[in-house]
Q: 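To start, I am sharing the structure in question, which I have written as structure tokens.
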Amino acid sequence: AQSVSQHNHHVILSEAASLELGCNYSYGGTVNLFWYVQYPGQHLQLLLKYFSGDPLVKGIKGFEAEFIKSKFSFNLRKPSVQWSDTAEYFCAVNAQRSSYKLIFGSGTRLLVRP
Amino acid sequence: GAGVSQTPSNKVTEKGKYVELRCDPISGHTALYWYRQSLGQGPEFLIYFQGTGAADDSGLPNDRFFAVRPEGSVSTLKIQRTERGDSAVYLCASSAHGEEQFFGPGTRLTVL
């Protein structure tokens with residue numbers, strides 16, 4: 001069965017620090033990969049996605065993620081976080097040969113201190 | 001344009017009761033998904049509709065859960081004989097076929 005692991009459950013950073021959130025998945029076939037964000041009191045929003053092509057994808061608000069197929073990873077990065085990045089971040093995978101359902105990780109709560 | 005909407009936003013019910021949760025997808029989106037999110041967890045897939053038919057219902061936990069989408073737009077998730085373990089936020093998402101899923105605000109279900 002497919003699964004997604006997010007190893008950091010809680011991350012606390014100061015503004016301007018760099019961010020990297022880990023995401024690993026278990027599935028041997030071709031996948032689509034996503035990062036979603038949930039700001040306090042808001043619903044899930046797409047940050048970025050990878051379907052094919054350049055493994056380094058850029059999303060909204062200065063976020064980027066790199067797909068490393070050999071490591072089954074899709075880590076999220078941002079060079080300099082802001083207080084407004086405080087949110088919960090979810091990595092998700094869709095196996096291309098299955099239905100379009102998303103398999104989510106358990107999420108990482110990021111707190112950015114001003 | 002309007003996003004995905006879900007009603008009610010909150011539902012409190014007693015153990016053993018029947019509940020219906022409604023989802024209005026983005027207009028024109030043919031695919032509709034239901035997920036369930038428990039506290040401290042990521043969303044968990046329940047069922048996926050393509051048009052009026054359930055293309056994948058492998059995530060429904062048992063036969064107390066059922067969902068319909070009779071006209072290929074609005075969907076209703078139905079839970080019979082609710083149990084305390086059904087308490088969660090129920091999320092709906094929609095997409096144009098195979099593309100990004102847009103999520104609604106969710107319905108918080110509390111079973112007392």
Side-chain angles (χ1 to χ4, degrees), chain A residues 1-10 21-27 30-52 57 59-60 65 74 76 87-110, chain B residues 2-7 9-10 21 23-26 29-51 53-61 67 69 75 77 88-108:
Chain A
Q2 303 160 43
S3 65
V4 177
S5 296
Q6 293 183 242
H7 310 294
N8 312 102
H9 298 294
H10 292 88
L21 301 182
C23 173
N24 288 88
Y25 65 92
S26 65
Y27 182 70
T30 306
V31 293
N32 297 325
L33 297 156
F34 306 82
W35 276 96
Y36 279 85
V37 61
Q38 189 166 25
Y39 297 102
Q42 297 187 27
H43 54 270
L44 281 165
Q45 302 170 41
L46 183 70
L47 260 184
L48 47 78
K49 62 186 178 185
Y50 172 81
F51 282 12
S52 65
V57 293
I60 60 172
F74 190 56
L76 181 70
E88 189 158 19
Y89 293 80
F90 294 94
C91 181
V93 167
N94 158 241
Q96 289 188 0
R97 290 185 184 176
S98 77
S99 77
Y100 292 99
K101 66 184 180 185
L102 294 176
I103 307 298
F104 283 86
S106 57
T108 298
R109 286 187 179 271
L110 171 66
Chain B
V4 177
S5 63
Q6 292 186 245
T7 54
S9 55
N10 282 283
L21 312 179
C23 172
D24 279 272
I26 293 171
H29 279 186
T30 57
L32 185 147
Y33 312 78
W34 284 98
Y35 295 84
R36 176 169 71 172
Q37 187 173 17
S38 301
L39 197 62
Q41 300 296 319
E44 173 191 22
F45 171 77
L46 295 176
I47 186 169
Y48 152 55
F49 287 89
Q50 183 58 43
D56 182 353
D57 65 357
S58 62
L60 294 177
R69 195 185 185 200
S75 176
L77 178 66
V89 176
Y90 288 81
L91 298 170
C92 178
S94 71
S95 73
H97 187 64
E99 297 296 323
E100 169 192 349
Q101 294 181 30
F102 292 83
F103 282 81
T107 293
R108 182 176 298 279

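Residue numbering restarts at 1 for every chain, and letters A, B, ... go by the order of the sequence lines.
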Q: Looking only at heavy atoms and a cut-off of under 4.5 Å, which of B:Pro43, B:Gly40, B:Pro105, B:Gly42 has the most pairs with chain A?
A: B:Pro43
Q: Can you measure from CZ (B:Phe103) to CG (A:Leu102) and round to the nearest 0.5 angstrom?
A: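 Rounded to the nearest 0.5 Å, the CZ-CG separation comes to 5.5 Å.
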Q: Any chance CG of B:Leu39 has more than 12 other-residue heavy atoms, nucleotides or ligands included, within less than 6.0 Å?
A: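 No.
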Q: Rounded to the nearest 0.5 Å, how far apart are NE2 of A:His43 and CD of B:Gln6?
A: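 If we round to the nearest 0.5 Å, A:His43:NE2 and B:Gln6:CD are 10.0 Å apart.
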Q: So, taking the atom named CD in B:Gln101 and the one named OH in A:Tyr100, what distance separates them when rounded to the nearest 0.5 Å?
A: 11.0 Å
Q: For the atom pair CD (B:Gln37) and CZ (A:Phe104), what is the distance rounded to the nearest 0.5 Å?
A: 8.0 Å
Q: Look up atom CD in A:Gln45 and atom CD in B:Glu100, then write down how far apart they are to the nearest 0.5 Å.
A: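 One gets 10.0 Å once the value is rounded to the nearest 0.5 Å.
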Q: Contact part of B:Glu44 toward chain A, heavy-atom cut-off under 4.5 Å: side chain, backbone, both or neither?
A: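 Neither part.
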Q: Looking at B:Tyr33 and A:Lys101, what are the two nearest heavy atoms and their distance?
A: CE2-N, 4.4 Å
Q: So which part of B:Leu91 gets closer than 4.5 Å to some heavy atom of chain A, the side chain, the backbone, both or neither?
A: side chain
